[in-house]
Amino acid sequence: MEDSNVVFNFDDQVEKDTFHHLIALGEKANRVLKHLKLDLGNWFVEDLLTIEKGYEKVKYLLVLADDIVDISNLPKEYSDEKMPRENIFVFDIGAKPAPNKWEGVFSYLWIPQKNQYTTLKNLFQLYYHDILSGNGLVCFDYNDWKISVRGRNELSICKIELDSDLRRRIKRIPRKFLLNGKNVLAIGSHSIKGQLLAKVMKPINKIDTMLDVNTETHLSILARELPKSESYVAMLHFEPLKC
């Protein structure tokens, strides 16, 4: 088990040590990666697909995988001697979960077929761009992220527009998000100033009363304001796999 009392300096790690590199394994995974590059744009290519200092500087490997591949298909530069399995995060877009094909990796996330591409795109946009790109108003560091994604989980994402209809939208959050598992509740607001932010947070705080007692939730609020048309509330739900 990781020591939860370890002080994790998020800024220093992202700047000096932590470097995510995303690869795709399998025909479907490569097709999906091409679409992600078009939809997510320059930041996605620069932050996750570009290696400037050599493979030996890659700290965390992100693997987009489909049905036909397993851990033996990793490129030789990411062999056990060069890339510890505890530094590997797998995003499986196969038809069925197959965590045993990725034995020993730190995080295995299976993404179901329904709304699969949207879920995957939201994952990269919400976490690897919005949350990871800077400090938040609420302390959510990389250690919190690792706690949320550790092990074998099914990933689902519910993203809601942050507008005047928010109260009604919150009531429509699928029940599975409120039950056992772990959540990251991410908020990107058009206002982060005092009373205005409090007004935004009032209906969001109701989510707490809807959660099952066994559901663990981490909160992240962006420290920058978004255009009102782009502001959101999102829940990233990690449900333990039974296989």
Side-chain angles (χ1 to χ4, degrees), residues 10 32 35-44 47-48 91 93 109 111-142 144-145 148-149 153-239:
F10 181 67
V32 169
H35 286 292
L36 289 169
K37 287 164 69 174
L38 292 172
D39 287 345
L40 295 175
N42 290 339
W43 76 263
F44 181 73
D47 293 355
L48 296 180
F91 311 128
I93 55 174
L109 296 179
I111 303 171
Q113 300 292 297
K114 186 178 180 180
N115 300 320
Q116 186 178 78
Y117 182 75
T118 299
T119 299
L120 195 59
K121 186 170 72 170
N122 280 336
L123 169 66
F124 288 116
Q125 180 67 48
L126 293 170
Y127 180 71
Y128 289 97
H129 182 264
D130 289 3
I131 296 175
L132 193 62
S133 63
N135 290 326
L137 294 181
V138 177
C139 182
F140 179 88
D141 63 20
Y142 197 69
D144 293 323
W145 176 247
S148 299
V149 302
N153 297 281
E154 176 183 326
L155 170 66
S156 304
I157 297 178
C158 177
K159 189 177 180 184
I160 304 168
E161 287 182 51
L162 207 167
D163 59 15
S164 58
D165 203 23
L166 183 61
R167 288 179 187 276
R168 184 172 62 84
R169 293 179 191 275
I170 284 176
K171 292 178 181 178
R172 294 183 177 178
I173 293 175
R175 181 165 172 74
K176 66 177 292 183
F177 285 74
L178 310 174
L179 301 176
N180 289 350
K182 297 176 182 177
N183 290 319
V184 173
L185 179 59
I187 299 167
S189 177
H190 54 275
S191 176
I192 58 173
K193 298 180 178 69
Q195 291 184 343
L196 291 175
L197 180 60
K199 185 177 179 180
V200 166
M201 289 299 298
K202 192 172 181 179
I204 295 172
N205 288 335
K206 295 288 184 182
I207 294 175
D208 249 355
T209 66
M210 299 163 62
L211 294 171
D212 184 87
V213 292
N214 295 316
T215 303
E216 180 182 334
T217 300
H218 293 276
L219 176 64
S220 173
I221 304 177
L222 298 193
R224 67 181 187 279
E225 295 181 343
L226 299 178
K228 197 165 185 176
S229 61
E230 297 177 14
S231 58
Y232 62 81
V233 178
M235 289 186 76
L236 292 79
H237 181 68
F238 307 94
E239 181 178 350

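Positions are given from 1 along the sequence.
When all heavy atoms are compared, the tightest approach of F140 to L219 is CB-O, 3.6 Å. Summarising the geometry of A223 relative to I192, their closest heavy-atom pair is O-CD1, 3.2 Å, with the distance given to 0.1 Å. Minimum interatomic distance between M210 and I170 (heavy atoms only, all atoms of both residues): CE-O, 3.7 Å. When all heavy atoms of H218 and S148 are compared, the pair lying nearest together is CD2-OG, 3.3 Å. Nearest heavy atoms, S191 versus L197: O-CD1, 3.5 Å. Taking each heavy atom of H190 and P227 in turn, the nearest pair found is CB-C, 4.4 Å.
L211 has its side chain out of reach of F177: every pair of non-hydrogen atoms, C-beta onward, lies at least 4.5 Å apart. L178 has its side chain out of reach of T215: every pair of non-hydrogen atoms, C-beta onward, lies at least 4.5 Å apart. Counting heavy atoms from C-beta on, the side chains of E225 and K193 come closer than 4.5 Å. Residues S189 and L162 form a side-chain contact, since some pair of their non-hydrogen atoms from C-beta on lies under 4.5 Å apart. Residues I173 and I160 have side chains in contact (heavy-atom distance under 4.5 Å, counting atoms from C-beta outward). Using a 4.5 Å heavy-atom threshold, the side chains of K182 and N153 count as separate.
With hydrogens and angles disregarded, no donor-acceptor distance shorter than 3.5 Å links the side chain of T119 to the backbone of S156. Checked by atom type and distance alone, the side chain of Y127 never pairs as donor or acceptor with a backbone atom of W145 at under 3.5 Å. In this structure, Q125 contributes its side chain and L40 its backbone to no donor-acceptor pair below 3.5 Å. Here the side chain of H237 pairs a donor or acceptor atom with the backbone of K176 at under 3.5 angstrom. Judged purely by atom type and a 3.5 angstrom limit, Q116 uses its side chain to pair as donor or acceptor with the backbone of I111.
The structure places CG of L185 at 7.0 Å from CD1 of I204, a figure rounded to the nearest 0.5 Å. Interatomic distance, I93 CD1 to L155 CG, rounded to the nearest 0.5 Å: 12.5 Å. Rounded to the nearest 0.5 Å, atoms SG (C158) and CZ (R172) are 11.0 Å apart. Rounded to the nearest 0.5 angstrom, L132 CG and Y142 OH are separated by 7.5 Å. Rounding to the nearest 0.5 angstrom, the gap separating the CG atom in L126 from the CD1 atom in I187 is 12.0 Å. For the atom pair D212 CG and R175 CZ, the distance stands at 8.0 Å (nearest 0.5 Å).
The closest side-chain donor-acceptor pair between Y232 and N122, if any, does not fall under 3.5 angstrom.
Taking 4.0 Å as the cut-off between side-chain N and carboxylate O, D130 and R224 count as a salt-bridged pair.
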